[in-house]
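Keep in mind the model is a prediction, meaning the values are calculated, not measured.
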Amino acid sequence: MIYFRRWVYCAFCLLALASCSNKDYVDVVPFDAKAVVRIQSTERFKDILGDTFSATLSTLSGGLDFSQPLYGFVTNQEYLGVVAQVKEPNALALLLTETMKKSGHTVRIEQKNDLWWTEAGGWQIAWNDQTLLVLGPGLGTERSAVRKIMQHLFDKDTESFQSTVAGHKLETMNGMFRCVINLDVMPTPYNLLFRMGMPENVDPADVQLFASLEGKVADVKKKNLTLHCELQSDNSEVLNAYKAAALKAHTIKGSFLSSVPKGTFLWFCTNADGNSLLTMLRKDKTIRSMLAGINTGIDLDLMLKSIKGDVVVSIPSLQKSGLPNYLLMADLAKKDFLNDVAYWKQSVKNRKSMTLTNAGNGYLLKTQEISTYFGVNDNMLYFTSSEGLIDKDGKSLTEKLPDVVTKSASKTFLNMYLDVDALLAQPVFKGNNSGAVALLRNLFMGASSLHFVATDLQHSQLIIQCK
């Protein structure tokens with residue numbers, strides 16, 4: 001009887017250990033992830049995510065449980081990862097083999113440390129009876145390092161993103177699509193939408209963007225959706241800085257609502273103080289480098305510091321190279337920088353890489369990288385790729401913005417409108433570029449227009465619409 005009790009006790013312990021050996025699949029998302037995406041009910045996103053992605057998901061649906069959220073993330077080492085709930089591990093192995101063979105990959109599955117392993121095109125794949133983890137891409141020399149990271153993430157003692165404040169907030173948000181991303185990870189120019197108005201003493205690395213895509217099932221099918229965005233931080237000093245900056249922020253005045261170049265498909269407007277604007281721009285490495293290059297010839301910093309009020313950028317067309325034709329206009333508080341133009345001309349006089357000449361009522365700056373016209377009309381600063389886009393009598397500024405933009409402008413700190421149909425109708429996308437058009441359609445989630453509005457420094461919305 002004693003031996004029987006001991007046997008029962010040992011069996012119970014073994015079962016308990018076995019049941020605790022694998023952590024929940026969501027706990028594999030790394031504690032220090034720079035960005036995390038959560039997609040609930042992938043089937044509802046079939047029309048938005050595109051046929052290719054949907055087909056891949058459908059292929060693996062026999063081995064994965066898509067009734068549970070799918071997670072994507074960026075590791076601290078900047079690898080991309082995907083985590084999904086496993087339904088049938090054996091079926092998953094067969095489906096992965098089938099899918100990889102169709103893609104032309106050599107399939108080799110091995111079992112090690114209670115995990116099944118394989119790889120495809122630089123991506124490492126591991127799974128057990130609960131969790132599928134894909135991580136990469138990496139070179140062949142990185143294979144060992146990537147697998148070591150994955151093994152560590154599967155370890156039940158490894159801390160998870162779920163245990164963080166951001167992880168908890170992500171799970172409690174509403175919406176079928178949710179994400180959180182450190183602002184310093186977001187690439188230019190997308191990060192500028194969220195950096196506008198950022199307090200001068202705040203590091204983008206200390207700010208997180210939370211976003212959730214909300215909409216009823218019927219709205220998803222019609223692609224009428226709203227992405228709600230919020231900037232937050234674990235640092236109380238950062239939050240206090242945002243509150244202080246909000247007291248000084250101004251909504252759009254509307255100085256240029258009726259001064260839009262004909263054919264404009266992208267329109268961006270905000271109200272800014274030049275000193276704060278320059279500080280914000282300098283926080284981005286790409287823009288900082290560009291400013292430094294231009295400042296060797298003209299004092300662009302001084303020009304930007306002179307801005308006070310509305311700043312608007314319009315793009316009416318794309319060149320054959322794909323580069324945009326643009327017009328930037330801004331309200332000025334002062335224009336004494338014009339007194340330095342003669343000095344700027346003299347300073348670049350003997351330089352082969354830069355010229356500064358008179359052009360109409362303004363000037364033309366040419367470097368190896370850029371060619372831009374600039375000048376001042378009354379109290380308005382302008383920069384443009386084409387002199388024909390700006391004139392005093394407004395003959396070239398005849399485009400009418402959609403009512404949704406003009407009616408919302410005065411209530412917003414930042415307002416951007418993109419006519420996706422007009423963008424994709426540009427000549428550069430004709431002919432052999434049908435693949436690029438399809439890719440962009442998927443990138444824009446099949447929308448015909450996108451409207452981004454920031455109601456204050458921390459809250460904004462992206463409205464996705466189809467005709």
Side-chain angles (χ1 to χ4, degrees), residues 20 22-41 68-85 130-131 133 135 149-150 152-187 190-191 193-214 226-247 249 280 283 413 454-462:
C20 297
N22 292 335
K23 64 202 300 188
D24 190 54
Y25 85 106
V26 298
D27 292 325
V28 172
V29 179
F31 172 82
D32 56 356
K34 291 185 175 183
V36 179
V37 174
R38 180 189 190 275
I39 301 178
Q40 177 72 54
S41 186
Q68 299 302 311
L70 186 73
Y71 290 84
F73 59 87
V74 179
T75 71
N76 197 37
Q77 301 86 359
E78 310 228 338
Y79 291 113
L80 304 179
V82 176
V83 173
Q85 171 82 67
Q130 284 190 324
T131 306
L133 173 61
L135 196 65
I149 293 170
M150 296 171 74
H152 178 67
L153 294 178
F154 272 105
D155 190 328
K156 67 183 182 207
D157 295 324
T158 300
E159 200 166 2
S160 167
F161 181 77
Q162 295 296 107
S163 66
T164 67
V165 174
H168 177 71
K169 182 175 176 63
L170 190 70
E171 292 303 316
T172 55
M173 291 164 63
N174 294 319
M176 292 173 286
F177 173 91
R178 312 170 198 174
C179 73
V180 55
I181 179 171
N182 291 354
L183 214 54
D184 63 323
V185 178
M186 187 178 290
Y190 310 108
N191 59 9
L193 291 175
F194 302 101
R195 290 192 183 190
M196 297 299 296
M198 177 182 285
E200 294 182 15
N201 58 337
V202 169
D203 186 341
D206 292 329
V207 181
Q208 293 173 312
L209 168 67
F210 289 88
S212 62
L213 192 61
E214 297 183 16
T226 300
L227 185 71
H228 296 272
C229 306
E230 179 183 7
L231 297 178
Q232 278 296 339
S233 177
D234 296 335
N235 188 327
S236 59
E237 292 183 4
V238 170
L239 295 178
N240 289 335
Y242 266 104
K243 289 178 182 178
L247 298 175
M280 182 276 297
K283 288 181 180 179
F413 165 75
T455 50
D456 59 43
L457 299 186
Q458 288 181 260
H459 298 88
S460 53
Q461 294 182 345
L462 176 65

State, with a plain yes or no, whether a side-chain heavy atom of [X] is found less than 4.5 Å away from one of [Y].
| X | Y | result |
| --- | --- | --- |
| Leu213 | Thr226 | no |
| Arg178 | Val36 | no |
| Thr158 | Phe31 | no |
| Phe73 | Leu135 | yes |
| Tyr71 | Val28 | no |

Discussion item. Checking Glu237 now: which residues fulfil salt bridge (charged side-chain N to carboxylate O under 4.0 Å, His left out) with it, not counting sequence neighbours?
Written reply: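 Applying salt bridge (charged side-chain N to carboxylate O under 4.0 Å, His left out) to Glu237 gives none.
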Discussion item. Lys169: which residues meet the salt bridge (charged side-chain N to carboxylate O under 4.0 Å, His left out) condition with it, sequence neighbours left out?
Written reply: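 With neighbours one apart ignored, the set is Glu230.
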To check you understand the geometry: which heavy-atom pair defines the closest contact between [X] and [Y], and what is its length?
| X | Y | answer |
| --- | --- | --- |
| Val83 | Leu70 | O-CD1, 3.6 Å |
| Phe161 | Pro30 | CB-O, 3.1 Å |
| Val180 | Ala166 | CG2-CB, 4.5 Å |
| Leu133 | Met150 | O-CE, 3.4 Å |
| Asp24 | Thr131 | C-OG1, 4.3 Å |
| Asp206 | Ser233 | O-OG, 2.7 Å |

Rounded at 0.5 Å granularity, tell me how far [atom1] in [X] sits from [atom2] in [Y].
| X | Y | atom1 | atom2 | answer |
| --- | --- | --- | --- | --- |
| Thr75 | Leu153 | OG1 | CG | 8.5 Å |
| Leu239 | Gln232 | CG | CD | 5.5 Å |
| Leu183 | Lys34 | CG | NZ | 13.0 Å |
| Asn182 | Asp32 | CG | CG | 10.0 Å |
| Gln68 | Tyr25 | CD | OH | 5.0 Å |
| Cys229 | Phe210 | SG | CZ | 12.0 Å |

Expected output: side-chain [X] to main-chain [Y] donor-acceptor under 3.5 Å:
| X | Y | value |
| --- | --- | --- |
| Arg195 | Met280 | no |
| Arg38 | Leu170 | no |
| Gln458 | Leu231 | yes |
| Lys23 | Asp155 | yes |
| Asp27 | Ser160 | no |
| Gln85 | Gln130 | yes |

Worksheet item: Between Asn174 and His228, is a side-chain contact (heavy atoms from CB on, under 4.5 Å) present by the stated rule, with each step listed?
Response: CA-CA 10 Å; Asn174 294 319; His228 296 272; over 6 Å; no
Practice prompt. Output all residues satisfying ring pair (Phe, Tyr, Trp, His ring centres under 6.0 Å) with Tyr242, sequence neighbours left out; order by chain, then residue number.
Written response: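 Once residues adjacent in sequence are excluded, Tyr242 has no partner under the ring pair (Phe, Tyr, Trp, His ring centres under 6.0 Å) criterion.
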Worksheet entry | Crowding at NE2, His459 (>12 non-hydrogen neighbours, <6.0 Å) |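 More than 12 within 6.0 Å, yes.
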